[in-house]
Each structure stands twice: as C-alpha cells, then as structure tokens.
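Accompanying notes for the structure given below.
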Amino acid sequence: MTTTPLPLQPLDADLLARALPLLDEEWLARDADLAPVLPMVLARNVGQDWHKAGTFRHHLVGVARSLAMWQQPRDVRLLGLLHSVYGNAFVDLVKFDPARERARVREIAGESAEHLVYLFCTQSRTQFVQRVLAGALESDGSLVLEKDGKPHTLTPYEVAAFTIVSMADTIEQWFSWQDDIYSRFPTVQHRPQAVHWAASLWPGPMRPSGRMVSQINALGRALQHPGLKGLLPMPPVFNGCTAELSATDEAAAISLYWSVIQQDQPLADLDVATAVLESAVRHNPWVGEPQMVLAQLYLSAGRNAEAVAAAASALQQFSAWGNSWDKRVQWDAWVAWTRILQQSATEGSWPERLDKLNNVALRG
C-alpha cells in the first residue's frame with residue numbers, strides 16, 4: 001500500500017532569519033518603531049498583571065512579535081502592542097483612561113496608531129469576529145458594526161488591521177482553559193462558574209486549543225476578500241492565508257497530538273506514537289509542535305532524513321506564527337529545541353543514553 005507523503009513544509013530561510021532576532025528578550029527595545037512606546041507601557045505595571053498564559057506584558061509583546069514576523073506596518077504593530085490598553089469587553093485592564101489620556105497615547109504612538117487602538121478597544125470585538133466569520137463584509141471590504149445602537153462603518157484598512165491583529169491576539173493567548181471558559185467563542189454561552197468549577201481552575205491541563213486555529217484560519221482567509229487583499233502584508237500562516245483548516249481536522253489533530261504527550265500510546269516501542277503523530281500532522285500541518293515531537297521520534301528511531309524534514313517544517317511553522325500553539329513552554333523554547341533536533345538529524349547524532357539528552361546544545 002502506498003503511503004501519502006506527510007504535508008510537511010520546506011523551511012523559508014528568510015522567514016527563519018526574521019524569527020531568530022526575536023528570540024532575544026530585548027528585541028522590542030531595539031525596534032525603532034516600538035521601542036519609544038515601550039517605557040510608557042511598562043510604566044503602567046503591565047508586567048504585574050495576570051493575562052491568560054502569562055502576564056499582560058508577555059501578551060502584548062507576543063502579539064507585537066507575531067506582527068513583526070508578519071512584516072506589518074508601524075501603525076498595525078503599535079496596535080498589537082497597545083491593543084487592550086484602553087480596556088475592552090474581554091479584560092478589565094484599563095491602562096490608559098480613554099476619556100482623559102488619548103492625547104498622551106497619540107503623542108507617543110502617533111495619530112494613526114492611536115486611532116486604531118481606540119477603535120479596537122471600544123468597538124465590539126465579539127460582533128467584529130462574528131461578522132467577519134459570517135462573510136458580512138461589504139463589496140469594498142468595509143464592515144458595518146453596531147455601536148451604542150447606531151451603525152458604525154469600519155474602513156477596509158481598519159477591517160484588515162483588526163483581522164490581522166485578532167489572529168495574532170488569539171494565537172498568542174488561547175489554550176484549553178479558554179476553550180472551556182469561553183466555549184464556542186465568539187458565541188459564548190453564560191454558564192455558572194460554581195457548577196463548572198473544574199473548568200474554572202487555572203491554568204488547567206494546558207492543552208492546546210481544540211477550536212481556535214480553525215477560527216484563525218477563517219479570519220485569515222477573509223483577508224483574501226478583493227477589498228482587503230493587498231492593503232496589508234498577508235500573514236505567512238496557512239500558506240499565505242490561502243489553505244483551509246476545517247474544525248473537524250483541528251479537533252482530530254489536537255486529540256491525536258495530546259494522546260502522545262499524555263503517553264496514552266504504547267510505551268515499550270515508538271511505532272504507534274509515531275503513527276499517531278503522523279496522523280495529527282496530516283489533519284493539521286499548520287502548527288509546529290506535532291511536527292517537532294515527530295522529528296524527535298524519528299531521531300530516536302534512526303530515521304534521520306525524515307527527522308530533518310519534520311524539524312525543518314516545524315521551524316517553518318514556528319517562524320510563520322511567531323508564537324507557540326502549545327503553551328506549556330514559550331515560543332522561544334520550542335524554536336530552540338527544534339533547532340537542536342534539526343542539527344542532530346543533519347549530523348546523524350542523537351544520544352543513545354537518556355541522561356545525555358541533558359547535554360545537547362546548539363553549535364555554531
């Protein structure tokens with residue numbers, strides 16, 4: 001029986017070259033557009049605020065990092081860095097009072113960026129996502145929302161910017177805890193917390209989301225609308241937002257991946273776990289973590305050529321996103337370990353002793 005090749009992606013050297021400087025924690029301080037705004041944001045104690053899988057600072061920087069990877073213009077990257085500072089319906093973090101401090105933000109960020117930030121914080125994000133997913137864009141790419149009982153029209157540029165930032169915002173923060181507390185977003189059902197106490201326990205199992213990557217995919221494909229296409233650089237995820245990921249494939253992929261991570265497969269040999277991960281990659285080839293784990297299993301089995309391909313494809317996905325899908329460790333750690341796997345597979349060297357895994361290091 002002929003086996004269909006895995007849908008692995010070749011590594012774009014230019015994309016990886018953009019990603020590597022962002023592994024440095026201080027990358028933002030060296031960004032000519034974002035660095036001048038950073039002290040103003042940090043002065044509002046964003047590093048002390050809880051936010052989903054980390055702190056508010058961690059979230060804002062992570063969103064800005066994806067937008068940097070996606071080569072967005074200054075105003076859109078600043079929107080990413082400041083996207084919740086006026087507060088919104090999802091978080092009670094008001095770092096700048098929109099009634100008194102818009103001029104201060106405008107002075108530092110510029111008029112265009114502040115305008116986007118204000119709109120992003122004060123428009124209904126739920127309504128925005130619902131209408132984009134429903135294909136409610138006008139022929140020119142604009143979108144009509146309801147605000148204070150009156151229609152408000154977002155320009156095509158605003159729609160494109162808000163869609164791209166929403167994609168980055170979601171991939172940076174979403175994991176299994178939010179799958180439960182915000183179940184079925186953007187149509188969230190109101191459930192009593194005390195009854196669903198098990199779902200409320202943060203951070204929960206830290207499983208990757210079973211729903212949101214396909215929603216991000218749908219947002220990305222909306223950018224192909226004739227009124228939006230070309231207004232902003234297209235994010236490189238999902239083959240430039242052209243490939244479709246179904247909700248069914250996403251659900252299958254996370255279930256298969258997590259069964260290997262939880263060691264719900266035979267442990268005496270790695271053939272079953274390898275086959276399960278290969279199936280996960282077939283269902284969802286657009287996230288890097290299953291491919292990275294698969295690369296390590298290939299290495300353990302001495303399948304070095306396959307390990308090289310899987311590690312390269314994983315690096316391609318990590319670079320394309322600028323954030324991790326599996327939030328158990330941060331994006332930079334996933335990238336670092338994948339580069340170790342790629343190096344080892346290329347050289348044909350992988351520790352035979354378990355304790356020697358502690359010694360592996362990137363060279364050159």
Side-chain angles (χ1 to χ4, degrees), residues 1 3-8 52-53 171 173-184 196-215 217 245-303 306-307 309-311 313-314 317-318 321 323-331 333-335 337-338 340-341 344-345 350-358 360:
M1 184 176 68
T3 302
T4 305
L6 287 178
L8 300 175
K52 312 312 183 282
I171 194 61
Q173 65 174 286
W174 213 281
F175 63 107
S176 57
W177 186 72
Q178 285 160 290
D179 270 357
D180 280 327
I181 66 164
Y182 262 123
S183 184
R184 303 288 182 158
H196 296 277
W197 63 268
S200 78
L201 296 178
W202 183 86
M206 293 293 290
R207 187 178 61 251
S209 172
R211 294 191 181 98
M212 296 305 289
V213 178
S214 57
Q215 186 174 122
N217 174 262
L245 174 66
S246 71
T248 301
D249 277 330
E250 178 182 17
I254 175 54
S255 296
L256 293 164
Y257 170 75
W258 201 246
S259 74
V260 174
I261 299 304
Q262 295 294 96
Q263 300 182 351
D264 290 338
Q265 306 300 334
L267 302 180
D269 212 333
L270 46 71
D271 58 326
V272 174
T274 301
V276 168
L277 277 176
E278 288 174 338
S279 184
V281 172
R282 294 184 196 282
H283 281 288
N284 182 4
W286 306 112
V287 290
E289 290 85 341
Q291 299 171 29
M292 188 217 76
V293 180
L294 181 60
Q296 182 165 341
L297 291 183
Y298 284 154
L299 266 174
S300 295
R303 297 164 64 177
E306 291 161 290
S313 186
Q317 299 310 321
F318 289 135
W321 285 108
N323 268 296
S324 63
W325 170 67
D326 186 334
K327 301 292 188 281
R328 291 175 300 147
V329 297
Q330 294 184 17
W331 172 76
W334 287 109
V335 173
W337 184 250
T338 306
I340 292 285
L341 298 178
S344 299
W350 191 241
E352 293 186 6
R353 283 172 40 186
L354 187 63
D355 62 301
K356 289 299 181 181
L357 286 173
N358 195 65
V360 296

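Treat the numbers as computed from the prediction; the structure is a model and nothing was measured. In what follows, every heavy atom counts, from backbone to side chain, and hydrogens, waters and symmetry copies are set aside. Counting from 1, the numbers follow the sequence of the chain as shown.
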Practice prompt. Show your reasoning for whether side chain to side chain contact (heavy atoms under 4.5 Å, CB included) applies to N217 and W286.
Written response: CA-CA 10 Å; N217 174 262; W286 306 112; 5.6 Å; no

Item to complete: Please report the C-alpha distance between W325 and I254 in whole Å, then the side-chain angles of each, then the deciding distance to 0.1 Å, and finally whether the side chain to side chain contact (heavy atoms under 4.5 Å, CB included) criterion is met.
Response: CA-CA 10 Å; W325 170 67; I254 175 54; 3.9 Å; yes

Practice prompt. Take W337 and V293 through the side chain to side chain contact (heavy atoms under 4.5 Å, CB included) test and state the conclusion after the steps.
Written response: CA-CA 10 Å; W337 184 250; V293 180; over 6 Å; no

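Put simply, the side chain of W331 gets close to the backbone of F318: a donor and an acceptor are under 3.5 Å apart. Between the S300 side chain and the Q296 main chain, a donor and an acceptor come within less than 3.5 Å of each other. The closest donor-acceptor contact from the side chain of W350 to the backbone of G302 lies at 3.5 Å or more, if one exists at all. A side-chain donor-acceptor contact under 3.5 Å links Q291 to the backbone of P285. The backbone N or O of N323 sits nowhere less than 3.5 Å from a side-chain atom of W334 that would complete a donor-acceptor pair. Judged by distance alone, the side chain of E306 and the main-chain N or O of Y298 form no donor-acceptor pair under 3.5 Å. The backbone N or O of V213 sits less than 3.5 Å from a side-chain atom of E250, completing a donor-acceptor pair.
Expressed to the nearest 0.5 Å, how far CZ of R353 lies from CG of N358 amounts to 11.5 Å. With rounding to the nearest 0.5 Å, the separation of CG in L294 from CG in L270 is 10.5 Å.
Closest heavy-atom contact between L201 and W177: O-CD1, 3.5 Å. Taking every heavy atom of both residues into account, A311 and A295 meet most closely at N-CB, 3.7 Å. Residues D249 and L245 approach most closely at CB-CD1, 4.0 Å, considering heavy atoms. Taking both residues in full, the closest heavy atoms of A345 and L299 are given as CA-CD2, 3.7 Å, listed atom of the first, atom of the second, then distance. Closest non-hydrogen pair, P266 versus V272, comes out as CD-CG1, 3.6 Å. When every heavy atom of L341 is checked against every heavy atom of M292, the shortest pair comes out as CD1-O, 3.4 Å.
For E352, the CD atom is loosely surrounded, since the number of other residues' heavy atoms within 6.0 Å does not exceed 12. At most 12 non-hydrogen atoms from other residues, nucleotides or ligands lie less than 6.0 angstrom from CG of L354. A 6.0 Å sphere centred on CG of D355 holds more than 12 heavy atoms belonging to other residues, nucleotides or ligands. Enclosure of atom CH2 in W197 is not indicated, since only 12 or fewer non-hydrogen atoms of other residues, nucleotides or ligands lie within 6.0 angstrom.
Between P7 and R282 there is a side-chain heavy-atom pair separated by less than 4.5 Å. Counting heavy atoms from C-beta on, the side chains of L277 and L256 never come closer than 4.5 Å. E289 has its side chain out of reach of I261: every pair of non-hydrogen atoms, C-beta onward, lies at least 4.5 Å apart.
Residues N284 and Y257 bring no donor and acceptor atom of their side chains to less than 3.5 Å of each other. Under the 3.5 Å distance criterion, with hydrogens and angles disregarded, a donor-acceptor pair is assigned to the side chains of Q178 and Q173.
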Under 3.5 Å donor-acceptor pairs involving side-chain atoms of residues 204-211, not counting sequence neighbours:
residue	atom	partner	partner atom	Å
S209	OG	D179	OD1	2.9
S209	OG	D179	OD2	3.3
S209	OG	R211	N	3.1
S209	OG	M212	N	3.0
R211	NH1	D179	O	3.0

